[in-house]
Amino acid sequence: MAKYATGKICYIELPATDVARSADFYRDAFGWENRRRGDGSMAFDDTVGEVSGSWVPGRPPSDNPGLIVYIMVADADTAMKKIVAAGGEIVKPVDRTAPVIFAHFRDPAGNVLGIYEQSGLQE
């Protein structure tokens, strides 16, 4: 059951140079569902249906980390392999000695995002 309340992050716009390539990347790396909106543009929903968004052509990539969006994963090492296999690049690998397990990656459009390993999370 989705939880809705004031202050919930609900929508993300990701810059994209090739919307189809970005849609395929996030589907293959993270299992996001892609869908066509009524206006014909491509949109996505996360794996639990609580955050949606779209790819925005013509907007420069968010390649210089300021605000970083993190995607929750069950296993950071597995996620990094999926990211690379789907066409992304790891820009800050996991530090297993840190108290929080995370990494940063660059998607095919050049955006830098993060992954966050949640202990006990089901894949």
Side-chain angles (χ1 to χ4, degrees):
M1 174 178 221
K3 295 180 181 179
Y4 299 112
T6 299
K8 179 188 181 335
I9 294 174
C10 64
Y11 195 82
I12 300 171
E13 291 182 342
L14 288 171
T17 53
D18 179 335
V19 171
R21 184 173 180 212
S22 289
D24 289 347
F25 170 79
Y26 285 95
R27 180 199 62 218
D28 296 346
F30 300 107
W32 289 5
E33 294 289 326
N34 296 317
R35 60 183 162 79
R36 290 267 173 209
R37 295 176 14 179
D39 64 1
S41 64
M42 184 68 76
F44 64 83
D45 296 297
D46 71 1
T47 56
V48 296
E50 293 214 356
V51 178
S52 62
S54 61
W55 291 276
V56 182
R59 186 180 289 172
S62 179
D63 60 351
N64 188 4
L67 171 69
I68 299 178
V69 174
Y70 286 83
I71 300 168
M72 190 176 289
V73 298
D75 180 88
D77 296 322
T78 299
M80 287 189 299
K81 288 176 187 170
K82 287 181 179 180
I83 289 166
V84 171
E89 171 191 3
I90 304 303
V91 296
K92 180 176 182 163
V94 167
D95 175 359
R96 287 281 173 193
T97 65
V100 176
I101 305 301
F102 71 95
H104 294 160
F105 68 92
R106 180 173 289 111
D107 73 8
N111 299 297
V112 174
L113 287 88
I115 55 172
Y116 167 80
E117 183 178 284
Q118 176 63 47
S119 178
L121 186 69
Q122 295 296 318
E123 188 65 42

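The chain is numbered in sequence order, starting from 1.
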**Prompt:** Listed by chain and number, what are the side chain to side chain donor-acceptor pair (under 3.5 Å) partners of T97, not counting sequence neighbours?
**Reply:** D95
**Asked** Is I12 reachable from I115 through a run of hydrophobic residues whose side-chain heavy atoms are each under 4.5 Å from the next?
**Response** yes
**Prompt:** Can you get from I83 to V91 by hopping between Ile, Leu, Val, Met, Phe, Trp and Tyr side chains that sit under 4.5 Å apart?
**Reply:** no
**Prompt:** Can you find a heavy atom in the side chain of W32 that is under 4.5 Å from one in the side chain of I71?
**Reply:** yes
**Prompt:** Given the rule in the salt bridge (charged side-chain N to carboxylate O under 4.0 Å, His left out) test, do R21 and D24 qualify, once you have shown the distances and angles that lead to the verdict?
**Reply:** CA-CA 5 Å; R21 184 173 180 212; D24 289 347; over 6 Å; no
**Message:** Quick check against the 3.5 Å criterion: does R37 have a side-chain atom that pairs as donor or acceptor with the backbone of S41?
**Reply:** no
**Request:** Mind jotting down which residue pairs meet the salt bridge (Lys or Arg N to Asp or Glu O under 4.0 Å) criterion with at least one end in residues 108-117? Sequence neighbours excluded, please.
**Result:** R96-E117
**Prompt:** So, K8 side chain and E50 main chain: donor-acceptor pair closer than 3.5 Å or not?
**Reply:** yes
**Message:** With heavy-atom distances below 4.5 Å as the criterion, would you say the side chains of K82 and F30 are in contact?
**Reply:** no
**Request:** Would you give the length of the straight line joining atom CG of D75 to atom CD of Q118, rounded to the nearest 0.5 angstrom?
**Result:** 12.5 Å
**Asked** Sequence neighbours excluded, which residues qualify as side chain to side chain donor-acceptor pair (under 3.5 Å) partners of D63?
**Response** none
**Asked** Just wondering, do W55 and N34 contact through their side chains at under 4.5 Å, heavy atoms?
**Response** yes
**Message:** My understanding is that only residues two or more places apart in sequence, or in another chain, count here; which of them pass salt bridge (charged side-chain N to carboxylate O under 4.0 Å, His left out) with E33?
**Reply:** none
Donor-acceptor contacts under 3.5 Å from residues 103-114 side chains, at least two apart:
residue	atom	partner	partner atom	Å
H104	NE2	Y70	OH	2.7
R106	NH1	E89	OE1	3.1
D107	OD1	A109	N	3.0
D107	OD1	G110	N	3.0
D107	OD1	N111	N	2.9
D107	OD1	N111	ND2	3.4
D107	OD2	Y26	OH	2.7
D107	OD2	N111	ND2	3.1
N111	OD1	S62	N	2.8
N111	ND2	P15	O	2.8

**Prompt:** Would you say V100 and Y116 make side-chain contact, with heavy atoms under 4.5 Å?
**Reply:** yes
**Asked** For the residue pair A98 and I101, what are the closest heavy atoms and their distance?
**Response** O-CD1, 3.9 Å
**Prompt:** If we only count heavy atoms from C-beta on, is the V73 to T78 side-chain gap below 4.5 Å?
**Reply:** no
**Message:** Tell me every residue that passes side chain to side chain donor-acceptor pair (under 3.5 Å) with R35, counting only those two or more places apart in sequence or in another chain.
**Reply:** D45
**Asked** L14 versus V56: any side-chain heavy-atom pair under 4.5 Å?
**Response** no
**Asked** Nearest 0.5 Å, what's the CZ-CZ distance between F44 and R27?
**Response** 14.5 Å
**Message:** Quick check: closest heavy atoms across T47 and G31, and the distance to 0.1 Å?
**Reply:** CG2-O, 3.5 Å
